[in-house]
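Here is the structure we will look at, set down as structure tokens.
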Amino acid sequence: MHGGETILTEAARTRVKSGDYKATYRLGRTLGSGSYAKVKVGEEKATSAKYAIKVIDRSKLTTEDADALGMEVATMMRVHHPNIVALREVYDAPKEFVMVLELCTGGELFDRIATLDHYSEKQAAHAFVQMNEAIGHCHEHGIVHRDLKPENLLYTSPAPDETLKLADFGFAAILNNEASLLRTCCGTPAYVAPEILKGKGYTAAVDMWSLGVILYVLLCGFPPFQHENTSKLFKLIEKADYSFPSP
């Protein structure tokens, strides 16, 4: 893919910054990297405020990657909520596409569960209410996240009862009306809803299934559906075949 390929819709383009993001932000340590992007801590030179700067190498994007990235930006521009990672601004240059995001330093919900083994009912309720608020806001704005899992929920700081925020809208989609159905098969196997697997079309309700799976993981410390063979795992999910161990 050549560097000049369009990523953003016309509506999203109106909110894009021009110029060099490095004139505004001083880049620090790398938080993570993928096949075409690196996420670094960025400090705004004027205020010393810190952000997560996602720098995408346009030369490494496939057309599918560019489409997904465009959808990610479009969905994040629609949502503004205390429990959703905020997209502050976007820079679109010939070689790099840059997203300036709210910085969360408390790590993933996944790591917190691993450290604690499982949550108490009070801890689980505190976390679950915040997830529910985030997804409720998304659904009010016609957005289906489609990849809810503990790895995509971030704590704002390492403190025990810190705010939880929904991140990673890479699989998100926009439902323009309540009667329309989505058909793309996507998500993470252990958290995916049966409607997605059946391939007959689905609605925003698939996010509620994934929330239920996360709640189970919070309370038990492991997922309700487990099998090393993916097709057998999907059969368990389609039949809702799980048990709730005591205590």
For [X], all residues meeting side chain to side chain donor-acceptor pair (under 3.5 Å), sequence neighbours excluded:
| X | value |
| --- | --- |
| S243 | none |
| D20 | none |
| N229 | S231 |

Across all chains, not counting sequence neighbours, the ring-ring contact (aromatic ring centres under 6.0 Å, His included) partners of H126 are none
Residues that Y191 engages under ring-ring contact (aromatic ring centres under 6.0 Å, His included), provided they are two or more places apart: none
N-O pairing of D92 and R58 below 4.0 Å: yes
Across all chains, not counting sequence neighbours, the salt bridge (charged side-chain N to carboxylate O under 4.0 Å, His left out) partners of D65 are none
Tell me every residue that passes salt bridge (charged side-chain N to carboxylate O under 4.0 Å, His left out) with K50, counting only those two or more places apart in sequence or in another chain. E43
Just checking Y216: does its OH atom have more than 12 heavy atoms from other residues, nucleotides or ligands closer to it than 6.0 angstrom? yes
Who pairs with P82 by side-chain contact (heavy atoms from CB on, under 4.5 Å), at least two apart in sequence or on another chain? none
Tell me every residue that passes side-chain contact (heavy atoms from CB on, under 4.5 Å) with A205, counting only those two or more places apart in sequence or in another chain. E195, T203
The complete set of ring pair (Phe, Tyr, Trp, His ring centres under 6.0 Å) pairs with one or both residues in residues 136-164, sequence neighbours excluded, reads H81-H137, H137-H141, H145-F169
Enumerate donor-acceptor pairs with a distance under 3.5 Å from any side-chain N or O in residues 23-33 to protein atoms, sequence neighbours excluded.
| unit_1 | atom_1 | unit_2 | atom_2 | d |
| --- | --- | --- | --- | --- |
| Y25 | OH | R88 | NH1 | 2.6 |
| Y25 | OH | E89 | OE2 | 2.4 |
| T30 | OG1 | K40 | NZ | 2.9 |

Hey, mind stepping through T188 and D147 against side-chain hydrogen bond (donor to acceptor under 3.5 Å, both in side chains) and telling me if it holds? CA-CA 6 Å; T188 300; D147 196 23; 2.7 Å; yes
Which donor-acceptor pairs under 3.5 Å do the side chains of residues 96-116 make with protein atoms, sequence neighbours left out?
| unit_1 | atom_1 | unit_2 | atom_2 | d |
| --- | --- | --- | --- | --- |
| E96 | OE1 | Y21 | OH | 3.4 |
| E102 | OE1 | A86 | N | 3.0 |
| E102 | OE2 | K165 | NZ | 2.9 |
| T105 | OG1 | T156 | O | 3.1 |
| R112 | NH1 | A159 | O | 3.2 |
| R112 | NH1 | P160 | O | 3.4 |
| R112 | NH2 | G106 | O | 3.3 |
| R112 | NH2 | S157 | O | 3.3 |
| T115 | OG1 | D111 | O | 2.9 |

